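Here the structure is a predicted model, which is why all the values come from computation and not from measurement. Positions are given from 1, in the same order as the sequence printed here. Below, each value reflects all heavy atoms present in this structure, side chains not excepted, and no hydrogens, waters or symmetry copies.
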Amino acid sequence: MENKYDMPMGLSFQLGLNEKALTAYAKMSEPEKRQVVEAARQVTSKAEMQRLVSGLEQNFIP
């Protein structure tokens with residue numbers, strides 16, 4: 001059972017496939033990370049999750 005602190009499996013999978021998005025996520029503050037996790041909980045399709053994670057990559061500033 002997933003509790004409110006667990007990252008949704010789809011989010012962790014997509015982050016694992018996208019190094020830039022994962023790096024961007026890792027650099028976020030805890031409140032920002034919680035926002036991403038909560039947004040991921042509302043996702044209803046693989047494509048939507050990919051867009052969410054891709055958005056993290058797009059906002060990544062090296």
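Summarising the geometry of Lys33 relative to Tyr25, their closest heavy-atom pair is CE-O, 3.1 Å, with the distance given to 0.1 Å.
Met28 and Val37 fall within a single hydrophobic cluster, where Ile, Leu, Val, Met, Phe, Trp and Tyr are joined by side-chain heavy atoms under 4.5 Å apart, directly or via other members.
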Show me the donor-acceptor pairs within less than 3.5 Å that the side chains of residues 45-56 make with the rest of the protein, sequence neighbours left out.
{"from": "Ser45", "atom 1": "OG", "to": "Glu48", "atom 2": "N", "distance (Å)": "3.1"}
{"from": "Glu48", "atom 1": "OE1", "to": "Thr44", "atom 2": "N", "distance (Å)": "3.2"}
{"from": "Glu48", "atom 1": "OE1", "to": "Thr44", "atom 2": "OG1", "distance (Å)": "3.2"}

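In this structure, Glu19 has no side-chain hydrogen bond (donor to acceptor under 3.5 Å, both in side chains) partners at least two apart in sequence or on a different chain. Residues forming a side-chain contact (heavy atoms from CB on, under 4.5 Å) with Gln42 (at least two apart in sequence, or on another chain): none.
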